[in-house]
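Below, read A as the first sequence line, B as the second, and so on, with proteins coming before strands; counting in each chain starts at 1.
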There are 2 protein chains.
Amino acid sequence: MVTPLQDFLFKTLGDPTRRAIFERLCRQGEQTVGTITASAGVSQPAVSKHLGVLLQAGLVSDRRHGRETHYRARPEALAPLVDWTKQMAGFWDARLDDLEDLLRRMDQ
Amino acid sequence: MVTPLQDFLFKTLGDPTRRAIFERLCRQGEQTVGTITASAGVSQPAVSKHLGVLLQAGLVSDRRHGRETHYRARPEALAPLVDWTKQMAGFWDARLDDLEDLLRRMDQ
DNA sequence: CTAATCCATAACTTACAGGTTATGGGTTAA
DNA sequence: TTAACCCATAACCTGTAAGTTATGGATTAG
């Protein structure tokens, strides 16, 4: 099953700094690059790059207002990740008719 | 919010080859290293290394039987990932009834 | 007993991603 | 107009992680 979208999503969220930025935008809503930089622990260009990657993954949207750029989280973009997880659990359940599997799950 | 567990989970699943191995184990159940290697597209040592990482993340379990080692997926280990996703969506929803945020959204 | 097999580890190479500083375009403030 | 500010891009550096081949221990087969 080839899903470059999921690949990109996982890769994007795989970096702790980047995921922290996304998480912050989810928690606190829209923020400017400067505000994000202030508590990101890395330089402003680094933040801009991370935001670029998040943007490409569809995880954030941007809004230019004067010389400021505001970024906002788009949690809907996490859907493929949820789908994938459900699918993995689904395969698991589908094999539950295997007695060994069932037993192993019960004593866990 | 410091969660090294989530960090490790995301990082582990961030690699396409590794996630493909995990996905295969979810789909097809327990497999030996040799079987996995046959369709992994990388060498046997590479597969062993990936399995080691998956093991450390708790995403798989191993069972030695003679000279073979069987690996099995543990989809329960995906739970923190599901929790995190729900939390992100939760923050989003929680802010939806914040009037200020709503207004800020409306005046674009 | 010998040979073949399975897998893990070691040792090494290398590509790339994430970090930095430097810079400049566009915008607001004075 | 000039100066200060915000941010994106360019150019560069570097650590790490994913890949490779080589090897050996343990186990099974002949």
### Message
Using OP1 and OP2 only, check whether a side-chain N or O of Tyr71(B) sits under 4.0 Å from dC6(C).
### Response
no
### Message
Quick check on dA8(D): is either OP1 or OP2 less than 4.0 Å from any side-chain nitrogen or oxygen of Thr69(A)?
### Response
yes
Can you tell me how far [atom2] of [N] sits from [atom1] of [X], to the nearest Å?
X	N	atom1	atom2	result
Gln31(A)	dC7(D)	CD	P	11 Å
Asp62(A)	dG26(C)	CG	C1'	16 Å
Glu68(A)	dA8(D)	CD	C1'	15 Å
Ile36(B)	dC7(C)	CD1	P	9 Å
Leu55(A)	dT9(D)	CG	C1'	15 Å
Leu51(A)	dA8(D)	CG	P	7 Å
His65(A)	dT27(C)	NE2	P	12 Å
Arg64(A)	dC5(D)	CZ	P	19 Å

### Task
Determine yes or no for a side-chain-to-main-chain donor-acceptor pair under 3.5 angstrom, with Arg64(A) supplying the side chain and Thr69(A) the backbone.
no
### Query
For the side chain of Arg74(A) and the backbone of Gly58(A), is there at least one donor-acceptor N/O pair under 3.5 Å apart?
yes
#### Entry: Donor-acceptor pair under 3.5 Å, Arg67(A) side chain vs dC5(D) base
yes
### Task
Kindly assign one of parallel, tilted or perpendicular to the pair Trp84(B) and Phe22(A), based on the angle between their ring planes and the thresholds 30° and 60°.
tilted
### Lys/Arg N to Asp/Glu carboxylate O, Glu23(A) vs Arg19(A), below 4.0 Å
no
### Message
Given Leu51(B), which partner from the list Leu55(B), Val53(B), Val47(B) fulfils the side-chain contact (heavy atoms from CB on, under 4.5 Å) test?
### Response
Val47(B)
### Task
Say whether Arg24(A) and Ser39(A), considering side chains only, have a donor N or O and an acceptor N or O under 3.5 Å apart.
yes
### Message
Under 4.0 Å, heavy atoms only, any strand: does Thr37(B) hit a base, just the sugar-phosphate, or nothing?
### Response
nothing
### Query
Which letter, B, S or -, goes with each nucleotide of nucleotides 11-23 of chain D from 5' to 3', with contact meaning a protein heavy atom under 4.0 Å?
-------BBBBB-
